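Next up is a structure, given as structure tokens.
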Protein chains: 2
Amino acid sequence: MPEPRWLDDDEFRAWIGYRRMRLLLDAQVNQDLTRESGLSAPDYDVLSALTSSEGHRRRLTELADRMLWSKSRLSRHIGRMEQRGLVAREGCETDARGSVIVLTEQGLRTIREAAPGHVASVRRHLIDLLSPEQIDALGTIAETVLAHLAPDEDLRR
Amino acid sequence: MPEPRWLDDDEFRAWIGYRRMRLLLDAQVNQDLTRESGLSAPDYDVLSALTSSEGHRRRLTELADRMLWSKSRLSRHIGRMEQRGLVAREGCETDARGSVIVLTEQGLRTIREAAPGHVASVRRHLIDLLSPEQIDALGTIAETVLAHLAPDEDLRR
DNA sequence: ACCATGTCGTTGACGTGTAAACAACTGTGA
DNA sequence: TCACAGTTGTTTACACGTCAACGACATGGT
């Protein structure tokens with residue numbers, strides 16, 4: 001048995017609060033997103049990552065690394081989005097194994113239409129509830145934790 | 001098109017930071033938990049909720065409400081945990097439809113052995129990285145968001 | 001007592017994530 | 001140039017969650 005150094009009240013409040021917030025906030029934001037745009041949260045993440053990539057395209061592995069997804073998961077998800085016409089697969093010119101994921105016209109249109117509503121949802125359920133100091137504190141907390149969990153990587157968007 | 005009121009830099013940093021933290025922190029804590037105790041995060045949550053219930057037992061619906069899970073999900077998960085001997089089902093005396101979930105001896109032993117390591121993991125990857133002010137800020141942020149998303153309910157543990 | 005309506009918990013069909021195995025291909029050192 | 005270890009992306013088998021439908025039972029009004 002190691003050191004059973006328990007959580008005090010404030011620490012417990014923070015941890016449980018975080019867990020409950022995560023549960024309810026994500027559920028609400030995802031629900032808003034799906035209702036308004038027909039996109040799931042993973043859909044939105046993929047489209048968003050592609051939109052901010054050069055030429056609206058990216059190698060599968062690069063995309064997976066950037067999103068912290070497994071290649072398997074991304075491959076499957078791209079398959080589904082491809083069938084809906086949101087993205088397309090292209091062969092890679094410099095590596096015959098590789099596949100390049102490209103945002104389609106429809107995919108671009110879809111996320112452009114979804115974005116304002118999504119941002120409004122994030123504002124409504126999180127950002128606009130907090131003071132500038134709290135926004136800043138949350139950003140700093142997240143950066144601290146991320147620096148600990150992934151010290152070297154550049155995990156920016 | 002509604003009002004495209006975008007996120008400014010601080011707001012964006014907070015939102016993206018929150019999403020990445022959620023991804024990495026949960027993955028790390030869950031991985032620690034599973035490696036050290038063989039329990040998944042949902043397993044731990046169920047055992048934890050039962051441990052803090054009178055008689056180590058609870059009606060399925062009550063448990064589901066408290067955990068913010070669907071009854072369907074809980075029923076299936078209890079089924080799996082039952083097969084591993086962590087919990088047991090009993091009929092309800094006052095309502096013949098009902099089923100009561102009971103913590104078994106083995107379940108109690110399992111979570112008691114898992115708890116210290118789990119708390120240590122939470123400390124290592126979150127709590128001990130933050131100042132008391134940050135802990136407090138996180139707790140307040142979570143409470144604010146929860147008050148907005150579930151104004152009436154008592155969502156305490 | 002009876003019927004309508006609602007709740008409890010479970011289940012089937014389905015969508016999606018993971019882990020492991022896989023074929024196809026790359027690139028490096030002998 | 002040629003084996004060979006490593007990568008790339010896909011796929012197969014499986015675990016798990018959701019939604020809708022369901023049977024069994026409870027409850028309230030008549």
Side-chain angles (χ1 to χ4, degrees), chain A residues 22-24 26-35 38-47 49-50 57-84 86-102, chain B residues 22-24 26-35 38-47 49-50 57-84 86-102:
Chain A
R22 158 180 155 21
L23 209 62
L24 288 185
D26 293 4
Q28 187 64 58
V29 169
N30 293 2
Q31 186 183 315
D32 287 357
L33 179 64
T34 301
R35 183 167 23 77
L39 294 173
S40 70
D43 292 340
Y44 191 93
D45 288 344
V46 170
L47 294 181
L50 281 177
R57 73 191 58 225
R58 200 129 191 156
R59 283 289 292 274
L60 188 141
T61 295
E62 280 177 35
L63 201 55
D65 288 348
R66 176 193 182 86
M67 300 180 66
L68 304 175
W69 281 21
S70 70
K71 288 186 251 186
S72 167
R73 176 183 184 186
L74 184 56
S75 178
R76 293 179 160 293
H77 207 271
I78 292 297
R80 285 172 237 135
M81 293 181 73
E82 195 175 16
Q83 287 197 315
R84 294 196 282 149
L86 297 171
V87 300
R89 275 183 231 254
E90 287 180 0
C92 177
E93 295 177 357
T94 64
D95 187 337
R97 295 166 302 181
S99 86
V100 176
I101 317 303
V102 197
Chain B
R22 160 179 153 22
L23 210 62
L24 288 185
D26 293 3
Q28 187 63 59
V29 170
N30 293 1
Q31 185 183 315
D32 286 357
L33 179 64
T34 302
R35 182 167 22 76
L39 295 174
S40 69
D43 291 340
Y44 190 93
D45 288 343
V46 169
L47 294 181
L50 280 178
R57 74 190 57 224
R58 201 128 191 157
R59 285 287 293 274
L60 188 141
T61 295
E62 280 179 35
L63 202 55
D65 288 348
R66 177 193 181 86
M67 300 180 68
L68 303 177
W69 281 20
S70 71
K71 288 186 256 187
S72 165
R73 177 182 184 186
L74 184 56
S75 177
R76 292 182 178 286
H77 207 270
I78 292 297
R80 285 171 236 133
M81 293 180 74
E82 195 176 14
Q83 287 199 314
R84 294 196 282 150
L86 297 171
V87 299
R89 273 184 233 250
E90 288 180 0
C92 177
E93 295 177 358
T94 64
D95 186 337
R97 296 166 302 181
S99 89
V100 176
I101 317 302
V102 196

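Numbers restart at 1 for each chain; the letters A, B, ... are given by sequence-line order, proteins then strands. Please read these numbers as outputs of a predicted model, since none were measured by experiment.
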Among C:dT11, D:dT10, C:dG17, which is the nearest nucleotide to the side chain of B:Ser75?
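Nearest to the side chain of B:Ser75 among the choices is C:dT11.
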
Report which part of the nucleic acid B:Ser72 touches: base, sugar-phosphate, or nothing (heavy-atom distance under 4.0 Å, all strands).
base

What integer distance in Å separates B:Glu62:CD from C:dC8:C1'?
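One finds 12 Å between C1' of C:dC8 and CD of B:Glu62, rounded.
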
Side chain proximity check, B:Ile101 to B:Arg89, heavy atoms < 4.5 angstrom
yes

Do B:Ser70 and B:Arg76 have side chains that get closer than 4.5 Å, going by heavy atoms?
no

About how many Å separate CE of A:Met81 and CG of A:Leu74, when rounded to the nearest 0.5 Å?
9.5 Å

Length of the CG-C1' vector between B:Asn30 and C:dG17, whole Å:
14 Å

If you round to the nearest 0.5 Å, how far is CG of B:Leu39 from CG of B:Leu33?
5.5 Å

In whole angstroms, how far is the C1' atom of D:dC16 from the CD1 atom of B:Ile78?
14 Å

To the side chain of B:Lys71, which of C:dT10, C:dT18, C:dG17 is closest?
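Nearest nucleotide to the side chain: C:dT10.
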
Gap between atoms NE2 and P, on A:His77 and C:dT18 respectively (whole Å)
11 Å

Report which part of the nucleic acid B:Arg76 touches: base, sugar-phosphate, or nothing (heavy-atom distance under 4.0 Å, all strands).
base

Minimum side-chain heavy-atom gap B:Asp65-B:Lys71 below 4.5 Å
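When only atoms from C-beta onward are counted, B:Lys71 and B:Asp65 do not touch, as no gap falls below 4.5 Å.
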
Just how far, in rounded Å, is C1' of D:dC25 from CD of B:Glu93?
17 Å

What is the distance from CD of B:Glu90 to C1' of C:dC8, rounded to the nearest Å?
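Going from CD in B:Glu90 over to C1' in C:dC8 covers 17 Å.
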
Using the 3.5 Å cut-off, write out each protein N or O paired with an N or O of nucleotides 21-27 of chain C and the distance between them.
unit_1: C:dC25; atom_1: O2; unit_2: A:Arg97; atom_2: NH1; d: 3.2

Atom CZ of A:Arg89 and atom C1' of D:dT8: how far apart are they, to the nearest Å?
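Whole-Å distance recorded here is 12 Å.
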
Could you give the distance from CG (A:Leu23) to CH2 (B:Trp69), rounded to the nearest 0.5 Å?
9.5 Å

If I take atom CZ in residue B:Arg73 and atom C1' in nucleotide D:dA15, what distance separates them, rounded to the nearest angstrom?
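Atom CZ in B:Arg73 sits about 13 Å away from atom C1' in D:dA15.
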
Let me confirm one number: the CZ-CG distance from A:Arg66 to A:Asp45, rounded to the nearest 0.5 Å.
11.0 Å

Are any of A:Arg80's side-chain N or O atoms less than 4.0 Å away from OP1 or OP2 of C:dG17?
yes

